[in-house]
Q: 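This structure is in structure tokens; I'll ask about it shortly.
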Number of protein chains: 2
Amino acid sequence: MSKSTPIPVKAVGVSFEVVSALQQLGVAGVGELATHLETPKSTIHDHLRTLEELELVVNDNGRYRIGTKFLEFGGYARQRMKIYEVARPEIVKLAERTGEHANLMIEEHGQGVFLFKSEGTDAVQLDTYNGYRVPLQTTAMGKAILAHLPEERVRAVLDCHGMPQITDTTITSETELFEELEQIRKQGYARDREERVRGMRCVGAPVLKDGTVLGAISVSGPKSRMQGQRFDTEIPNHVLRTANVIEVNMAYA
Amino acid sequence: MSKSTPIPVKAVGVSFEVVSALQQLGVAGVGELATHLETPKSTIHDHLRTLEELELVVNDNGRYRIGTKFLEFGGYARQRMKIYEVARPEIVKLAERTGEHANLMIEEHGQGVFLFKSEGTDAVQLDTYNGYRVPLQTTAMGKAILAHLPEERVRAVLDCHGMPQITDTTITSETELFEELEQIRKQGYARDREERVRGMRCVGAPVLKDGTVLGAISVSGPKSRMQGQRFDTEIPNHVLRTANVIEVNMAYA
DNA sequence: CCAGGGCGTCCGACGATACCGGACAGGGGC
DNA sequence: GCCCCTGTCCGGTATCGTCGGACGCCCTGG
């Protein structure tokens, strides 16, 4: 989890930075990437040629962008995950029943990774996409996951990634977080009150197996619809029921 | 499209091969990858450490697998595609209306890439996943795309990727293919009669803009349900109507 | 309990090669 | 037509990726 270790194969790291830069810039030319990464044009060009040959980036006459080969590797990795296979159809049903977005998240390298989402009929466009990463403590799903990790791992995660303030309700105090995690364990589900995106609220529940957490699911929607009775009992019940179904199906698989 | 050119940055190619091997093997250890790639253990180990540091692969105490970082890059690339944004909700509706799988494909590097699928209520499990690549001429969507590419590009694609026989109905003759493409242009949509997967049939239509093809959509299902009136007119009408909606919405965006 | 073989991991030296400065070609706009 | 700013190409040198070999671990079977 540290970034102090120099990686064995530097060139791969450079290519990785090029792709990461493309992720920030969307599309970019050689020169633009060179200045952005403070690396000579020719070096960037070498890497882009390589990545293009491997179909990892696409070249629209001089304008480069990330290719769909990443989607292939990533899609394959996701396909192989049991929790994805089991949860996916239940997530779809959950979105249909609530009319809101329903999501699946797992933890990887101390971050929350959105694995799948199903868009409810009433749902607004979200900023997340498959593979999108967020600090765990900023989402209901992430908090549901943290609540069921050993305390030392929670502290390690916080040490590694910090507790950045995203909105004005983001939890930035460690003691406050641990109190909330305790409460989440008691009531079985977690809430997110605009802690990552203003105007969005979320209800999340963990997916457990033999006491260890495999991931979490959630329903998210605009504050206007996520309040009162619906936010307090209706949505949580839907989420908990779905989580339970997934847990049962995981046990059989 | 050729693979004769030696790539500028060899090390990136090696890492790429490691990841590709992981895609074939699912999970594997250092030794296993070393023998599979006929490369010294230590070299593989170096690359795995690098890839792990970059969160591109995950290490479950000695067993390596592809990480979700690929999903992030790929998900980002997909998110940025206008055709994905526009087509996605229509694909979902198409799946609901027909009860079968509905799909979105684009062409990249002469191959067909599955960009998105929505699973109908009656749908059986598919072998495809996001980013999955297939030879264009083996699917209805691919043929719909080929039908609207310039003939020299079609020939270039066939030269580069060949016409492998996948099932006993796969098209392997160039003249036969060109005849079918002509027919597809006339009737506006394409059919797949178990040409890639035994027992599966498919109806696909292109998404066009100013005469150039942006991608294709399809409905696919088991032969038992994809026949007679339903296969001949009902499904094609749904597909064509959806393709038209997408084209109109693309024009506005 | 110990020997053996398999594993993942580490180390260090040599030589291939990635990096980068600089030169070139093409195209769009004053 | 000129200029500037693209993307592209080339070749030398110092770097760093490669690979043989050794280590320590775990599991298995004697």
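Please read these numbers as outputs of a predicted model, since none were measured by experiment. Letters A, B, ... mirror the listed sequences (proteins, then strands); counts begin at 1.
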Q: State whether B:H45 places a side-chain N or O below 4.0 Å from either non-bridging phosphate oxygen (OP1 or OP2) of C:dT9.
A: yes
Q: Roughly, in whole Å, what's the span from CG in B:N61 to P in C:dG8?
A: 11 Å
Q: Cation over ring, A:K117 on A:F114, under 6.0 Å and within 45°?
A: no
Q: Can you tell me whether the side chain of A:K10 and the base of D:dG17 have a donor-acceptor pair closer than 3.5 Å?
A: no
Q: Take B:D46 and A:N59, find for each the nucleotide of DNA chain D with the closest heavy atom, and name the residue whose nucleotide sits nearer the 5' end.
A: A:N59
Q: Any ion pair linking A:R49 and A:E52 (charged N to carboxylate O, less than 4.0 Å)?
A: no
Q: What is the distance, to the nearest angstrom, from the CD atom on A:E32 to the P atom on D:dT8?
A: 14 Å
Q: Nearest whole angstrom, please: distance from the P of D:dT6 to the CZ of A:R63.
A: 10 Å
Q: Run the salt-bridge test on B:E32 and B:K41 with the 4.0 Å N-O cut-off and return the result as yes or no.
A: no
Q: C:dC19 C1' sits how many Å from A:E17 CD, rounded?
A: 14 Å
Q: Measure from CG on B:L48 to P on D:dT18 and round the result to the nearest Å.
A: 12 Å
Q: Calculate the interatomic distance between A:L33 atom CG and D:dT6 atom P; express it in whole Å.
A: 12 Å
Q: Tell me every residue that passes salt bridge (Lys or Arg N to Asp or Glu O under 4.0 Å) with B:R80, counting only those two or more places apart in sequence or in another chain.
A: none
Q: Looking at the side chain of B:S42, which of D:dG20, C:dC20, C:dA18 is the nearest nucleotide?
A: D:dG20
Q: Looking at A:F178, is A:R155 sitting on its ring face, NZ or CZ under 6.0 Å from the six-membered ring centre and within 45 degrees of the normal?
A: yes
Q: Would a distance-only check, ignoring hydrogens and angles, find a side-chain to backbone donor-acceptor pair under 3.5 Å from B:E247 to B:L208?
A: yes
Q: What nucleotide, of D:dT18, C:dA18, D:dT8, holds the atom closest to the side chain of A:A11?
A: C:dA18
Q: Heavy atoms from C-beta onward define the side chain here; which of C:dT9, D:dC19, D:dT8 lies closest to that of B:P40?
A: D:dC19
Q: What nucleotide, of C:dT9, D:dT8, C:dC19, holds the atom closest to the side chain of B:Y64?
A: C:dT9
Q: Compute both the distance and the angle, then confirm whether A:K69 meets the cation-pi test with A:F73: under 6.0 Å from the six-membered ring centre, within 45 degrees of the axis.
A: yes
Q: Take the C1' atoms of the five end pairs on each side of the helix from C:dC1-D:dG30 to C:dC30-D:dG1, derive the two axes, and give their angle rounded to 10 degrees.
A: 40°
Q: Give the rounded distance in Å between these two atoms: CD of B:E38 and P of D:dT18.
A: 16 Å
Q: Please tell me which of the listed nucleotides, D:dT8, C:dC20, D:dC19, lies nearest to the side chain of A:T43?
A: C:dC20
Q: Look at the side chain of A:V30 and decide which nucleotide, out of C:dG8, D:dT8, C:dA18, has an atom nearest to it.
A: D:dT8
Q: Which residue, B:G62 or A:H47, contacts DNA chain C at a nucleotide closer to its 5' end, judged by nearest heavy atom?
A: B:G62
Q: Exactly one of A:D159, A:L146, A:I145, A:L136 should register a side chain to side chain contact (heavy atoms under 4.5 Å, CB included) with A:V154. Which one does?
A: A:L146
Q: Nearest to the side chain of A:V14, which nucleotide is it out of C:dC19, C:dG22, D:dT18?
A: C:dC19
Q: Of all the choices, D:dT18, C:dC20, D:dC9, which nucleotide is nearest to the side chain of A:R49 once you look at every atom?
A: D:dC9
Q: Distance check needed: D:dT18 P versus B:I44 CD1, whole Å only.
A: 9 Å
